[in-house]
Protein chains: 2
Amino acid sequence: MNGSEGKSRQLASFVERLRLHTALPDAEAEALITLPFRLLTRDRHSYLMRQGDELRHCTILLSGFVERHRIGLNGRKQILCFYFPGDPLNLENLYTMRSDDALQALKLSEVAIIQCDDLLSLMQDRPAIMKAIVRSLLIDASISREWIFNVGQRSAKTRIAHLICELGFRKTLQPHHSGGVTLPLTQVQIAEATGLTSVHVNRTLKELQSEKILSYKSGVFTVYDIDALAELADFSPSYFHWFRHNGDGVV
Amino acid sequence: MNGSEGKSRQLASFVERLRLHTALPDAEAEALITLPFRLLTRDRHSYLMRQGDELRHCTILLSGFVERHRIGLNGRKQILCFYFPGDPLNLENLYTMRSDDALQALKLSEVAIIQCDDLLSLMQDRPAIMKAIVRSLLIDASISREWIFNVGQRSAKTRIAHLICELGFRKTLQPHHSGGVTLPLTQVQIAEATGLTSVHVNRTLKELQSEKILSYKSGVFTVYDIDALAELADFSPSYFHWFRHNGDGVV
DNA sequence: CGAGTTCTTGAGCATTCTCAAACCCTGTGG
DNA sequence: CCACAGGGTTTGAGAATGCTCAAGAACTCG
């Protein structure tokens, strides 16, 4: 627990993230940015939360990359969600619920730990903040439903393409984003997120490569033909409910 | 649009539903029950919301049974959620977001239409109500994630068993519930919810019957061996985050 | 009784999985 | 700087789960 008191404006990325879907006056933004928090750094593979934990705080991802997953009694693992910097990781702990899922860092990540009560009282006092947080929850739910659709209805190739589109699109909207989609994902993780086997992911990725749509090399995707990918992926980013769309492209 | 002004205490089922997961003082409960609403009755198969709609109100299911689904560009349909009486159907419209999903009645259903602003101001004024609504959203999200897991990781038999367990369990917690799980579901709908083919659902159901675990006859499930079913289904109801569990049984 | 669902069954097929082994990176320690 | 360890990727062969298509039977509702 290598914590340190946060004083700087590192929560700005959180506000940026909320402003993708909800208008926030500067006063509200400032109130969020100046929330007291504790900074925590976690290595790749380390857990931020485990199944069954009952955390007493909320967590905002400041840098890095995090997955949410659930492992069943059968031992099978399903990745349920990925988080980018600025995303709140565990709003479910606003009201301390026992967690069904685990949160695990996919690379070196920094998070801000904030007190639930601090955030809750902001929500209670300022309607715009309640709106932003509630919409955040609603959008996460919409993304979850898209994942249900993805694993339930799409073929392996479409499914993988859709995942890449989603992550690429979200990455594109990060502050300081510069072209080129780099995602620290192994094929095993793609498999766990799509409900496929890593063997089959490998073969499908290979197919996409031979079709000159993208290439994959140790976590780095290079998308040659974004339109073909989005078309194939059945991807339309409306389910994010964001203001800033760059049309259908992911770059 | 056969509306009528609601005066009675029909929203009591909504409060009951919230109280499954969040303690609500009587004052708050009363405030919710006396919300003004408009009553609407919809036939089987009719839509309460369509993909792309932007509803300006929130809806509580009072009686009947409703599904949420999404149909992709490819024309494939995935059921994403089922709703029982007392469940709020479209909290995402609290802040009027364009819908990605459709809501469709599976049998004759009554809903209460309430004004978003009425509910929002209750949330703003009364922390317990904000808590109840937010927890409701969080629990729906948890259920969605269980569905991702279900469709992504479980075999056909387990998947179907899990769905039956979930619905049976939720039905059990309905007020005025009397033994015997009756769900107005066709095999096609089970297929659409589990990401399987109706043909395959039929064969799998048949298997479950021959194993003396349950029987299915025009929408009526009779569960012979609930323990075997829950065991097979990999089902544990913790993801509902409800106070009242009847252990592991579904009855 | 008739029309429209819904269910059932068969046969053949496709997609995806399992198992197993080899290969190839990348970072680490000697 | 090399060797090794360990994770990650690639390949093959065979098997299984679940799909498609198609048609007939059985309900249900008006």
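So you know, we letter chains A, B, ... as the sequences are listed, proteins then strands, and number each from 1. Since the structure is predicted, the reported quantities are computational estimates derived from the model, not experimental observations.
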(message) Tell me if a side-chain donor or acceptor on Ser99(A) pairs with a main-chain N or O of Asp101(A) at a distance below 3.5 Å.
(response) yes
Heavy atoms under 4.0 Å, any strand shown: does [X] hit a base, just sugar-phosphate, or nothing?
X: Ser198(A); result: nothing
X: Arg76(A); result: sugar-phosphate
X: Thr204(B); result: nothing
X: Thr186(B); result: sugar-phosphate

(message) Any donor-acceptor pair, under 3.5 Å, between the side chain of Arg159(B) and the base of dG18(D), if you only look at N and O atoms?
(response) no
Nearest whole Å is fine: how far is [N] [atom2] from [X] [atom1]?
X: Gln187(B); N: dC7(C); atom1: CD; atom2: P; result: 4 Å
X: Arg203(B); N: dC21(D); atom1: CZ; atom2: C1'; result: 11 Å
X: Glu207(A); N: dT11(D); atom1: CD; atom2: C1'; result: 15 Å
X: Arg44(B); N: dT5(C); atom1: CZ; atom2: P; result: 10 Å
X: Lys107(B); N: dC29(D); atom1: NZ; atom2: P; result: 13 Å
X: His200(A); N: dG18(D); atom1: NE2; atom2: C1'; result: 14 Å
X: Leu208(A); N: dT10(D); atom1: CG; atom2: P; result: 13 Å
X: Arg154(A); N: dT15(C); atom1: CZ; atom2: P; result: 18 Å

(message) Looking at Asn202(B), I'd like to know whether one of its side-chain N or O atoms comes within less than 4.0 Å of OP1 or OP2 on dC7(C).
(response) no
(message) Does dT6(C) have OP1 or OP2 under 4.0 Å away from a side-chain N or O of Gln189(B)?
(response) no
(request) Using the closest heavy atom to pick a nucleotide of DNA chain C for each, name whichever of Lys157(A) or Val199(A) lands nearer the 5' end. (result) Lys157(A)
(message) Looking only at the aromatic ring of each residue, does the gap between the centers of Phe82(A) and Phe65(A) stay below 6.0 angstrom?
(response) yes
(message) Within the 4.5 Å heavy-atom criterion, are Ile60(B) and Val111(B) side-chain neighbours or not?
(response) no
(request) Hey, can you tell me if Phe235(B) and Tyr239(B) have their rings parallel, tilted or perpendicular (30° and 60° cut-offs)? (result) perpendicular
(message) Counting only side-chain heavy atoms from C-beta out, which of dT9(D), dG18(D), dT8(C) sits nearest to Tyr216(A)?
(response) dT9(D)
